[in-house]
There are 2 protein chains.
Amino acid sequence: MSKKHVQKTAPPAPEAVAITEAEWDIMELLWEKSPRTSQEIATLLEEGRGWKRATVVTLLARLTAKGALATEPQGNRFLYTPAVVRSACVEDETRSFLDRMFGGALQPLVAHVAEHHSLTKKDIAELKALLDQIKPNS
Amino acid sequence: MSKKHVQKTAPPAPEAVAITEAEWDIMELLWEKSPRTSQEIATLLEEGRGWKRATVVTLLARLTAKGALATEPQGNRFLYTPAVVRSACVEDETRSFLDRMFGGALQPLVAHVAEHHSLTKKDIAELKALLDQIKPNS
DNA sequence: TGCTCATGTTTACAACTGTAAGCAATAACG
DNA sequence: CGTTATTGCTTACAGTTGTAAACATGAGCA
């Protein structure tokens with residue numbers, strides 16, 4: 001095998017990797033559609049965020065290194081695919097956010113949002129409907 | 001005035017400062033009760049977090065420098081008081097979190113939490129009650 | 001087969017963060 | 001008044017993050 005395509009990945013697929021702010025932009029694109037080439041992603045983010053190709057490639061490498069992305073060689077390049085599921089990542093962020101800000105509970109968050117973002121009647125109705133659909137855990 | 005107590009504060013009181021993870025621990029203590037001396041805070045966080053006094057003092061200085069804390073000299077020390085209100089900080093975090101994770105809307109978050117944290121019947125009831133109390137914005 | 005282009009790798013670097021030691025000055029105590 | 005204990009200030013340092021240039025190498029075209 002060539003000397004180049006070595007792309008160090010994290011051995012076991014850790015089901016929870018920390019994804020930074022900038023990295024999220026890349027993950028979102030791949031969660032939305034994958035696999036993609038670095039070029040595809042770079043093009044999208046050059047426009048959308050003004051990033052240089054090099055920046056995108058660095059982030060891809062970091063994400064791969066920490067096991068958030070899986071790569072499949074294709075010629076002299078890679079196809080990138082998420083190796084972690086979005087909802088699990090969202091889950092982690094949500095948990096840590098709720099813990100830090102609201103003692104881990106949902107109610108105080110909803111109360112806060114209600115107070116500060118002024119929910120519309122429609123929002124409230126939707127939330128109620130949503131709650132009705134939930135099958136309680138106990 | 002002595003040469004020592006200089007404590008650079010941020011000139012205008014910016015109503016929104018970025019507070020880091022570690023800094024939150026300090027702010028929480030001061031929001032809960034203020035003013036406090038550095039000693040008080042250090043003692044609490046030495047036990048609670050295993051931080052050294054120096055660490056606490058550094059963080060106090062950083063918070064003061066960015067205008068999150070106000071200081072009042074008292075003898076050879078300071079009394080520290082929050083210069084930003086908690087709910088405003090929570091607000092910023094919440095907004096940015098909701099934007100990043102859920103497109104800024106509350107519903108998807110609630111849906112997510114319902115699915116992943118399994119709300120109890122009681123939780124759901126509480127949330128509904130909460131929603132009933134909210135006076136819609138429109 | 002030689003050259004160019006695309007693509008990953010290495011290196012860089014500044015800002016921010018967590019964590020803290022060491023120093024200086026002042027208050028407090030004897 | 002001298003010694004000690006407090007307390008803030010300065011400096012430090014490694015790890016993370018955002019951002020990217022430079023480089024090497026393999027692929028594809030001429």
Side-chain angles (χ1 to χ4, degrees), chain A residues 1-10 17-27 35-46 48-66 68-81 93 96 100, chain B residues 1-10 17-27 35-81 93 96 100:
Chain A
M1 175 162 269
S2 69
K3 184 174 18 170
K4 189 174 180 192
H5 282 207
V6 187
Q7 195 93 302
K8 302 131 196 162
T9 44
V17 281
I19 294 169
T20 73
E21 186 104 9
E23 288 166 355
W24 266 91
D25 286 349
I26 293 193
M27 293 304 292
R36 295 190 198 243
T37 64
S38 76
Q39 189 189 38
E40 244 180 293
I41 301 172
T43 302
L44 290 172
L45 292 177
E46 268 165 39
R49 322 263 355 204
W51 290 351
K52 303 283 189 243
R53 179 194 79 96
T55 302
V56 172
V57 174
T58 298
L59 293 175
L60 284 172
R62 286 184 185 167
L63 284 166
T64 305
K66 65 173 125 174
L69 293 182
T71 59
E72 182 191 346
Q74 186 226 36
N76 73 330
R77 54 172 144 188
F78 289 113
L79 293 181
Y80 296 88
T81 316
E93 293 284 340
S96 112
R100 278 210 324 284
Chain B
M1 176 164 271
S2 68
K3 182 169 32 168
K4 190 177 182 189
H5 283 208
V6 189
Q7 194 94 300
K8 302 131 195 164
T9 44
V17 282
I19 293 169
T20 74
E21 187 103 8
E23 289 165 354
W24 266 91
D25 286 348
I26 293 194
M27 293 304 292
R36 293 190 198 244
T37 64
S38 75
Q39 189 190 36
E40 245 180 292
I41 301 172
T43 302
L44 291 172
L45 292 177
E46 267 164 39
E47 300 168 354
R49 321 265 354 203
W51 290 351
K52 303 286 189 239
R53 179 193 79 98
T55 302
V56 171
V57 174
T58 298
L59 293 175
L60 284 172
R62 286 185 185 165
L63 284 166
T64 304
K66 65 173 125 173
L69 293 182
T71 60
E72 182 190 346
Q74 187 227 36
N76 72 332
R77 52 172 146 190
F78 290 113
L79 293 180
Y80 296 89
T81 316
E93 293 284 341
S96 113
R100 278 209 325 284

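Lettering follows sequence order; numbering is per chain, from 1.
An OP1 or OP2 oxygen of C:dA6 is reached within less than 4.0 angstrom by no side-chain nitrogen or oxygen of A:Q39. Contact annotation: B:Y80 side-chain N/O to D:dG8 OP1/OP2 distance is under 4.0 Å.
Atom CD in A:E72 sits roughly 16 Å away from atom P in C:dT7 (whole-Å rounding). Here the P atom of nucleotide D:dT17 and the CZ atom of A:R49 are 16 Å apart, to the nearest Å. We find that CD of B:E40 is positioned 12 Å from P of D:dG8, with the value rounded to whole Å. With rounding to whole Å, B:R53 atom CZ is found 10 Å from C:dA21 atom P. At whole-Å resolution of the value, CH2 in A:W24 and C1' in D:dT17 are 17 Å apart. Across the protein-nucleic acid pair, B:N76 atom CG and D:dT4 atom P stand 18 Å apart, rounded to whole Å. As a whole-Å value, the separation of B:F78 CZ from C:dA25 P is 15 Å. The CD1-P distance, from A:I41 to D:dT19, rounds to 17 Å in whole Å.
In terms of polar N and O atoms assigned as donor or acceptor, the side chain of A:R77 never comes within less than 3.5 Å of the base of D:dG26 in a complementary pairing.
Scanning for side-chain contact (heavy atoms from CB on, under 4.5 Å) contacts around B:T55 gives B:W51, B:K52, B:L59, with sequence neighbours left out. For the side chain to side chain donor-acceptor pair (under 3.5 Å) test, no residue two or more places apart in sequence or in another chain qualifies with B:R53. Every salt bridge (Lys or Arg N to Asp or Glu O under 4.0 Å) that A:E40 has, sequence neighbours left out, goes to A:K33, A:R36. Residues satisfying the side chain to side chain donor-acceptor pair (under 3.5 Å) criterion with A:S96, sequence neighbours excluded, are A:R100.
You'll find the side chain of B:T81 stays beyond 4.5 Å of the side chain of B:E72, heavy atoms only.
Considering OH of B:Y80 and OG1 of B:T37, their distance stands at 9.0 Å, rounded to 0.5 Å. Note that the CZ atom of A:R62 and the CD1 atom of A:I19 stand 14.0 Å from one another [nearest 0.5 Å].
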### Message
Can you build the contact string for nucleotides 14-20 of chain C? Use B for base contact, S for sugar-phosphate-only contact, and - for no protein heavy atom under 4.0 Å.
### Response
---SBBB

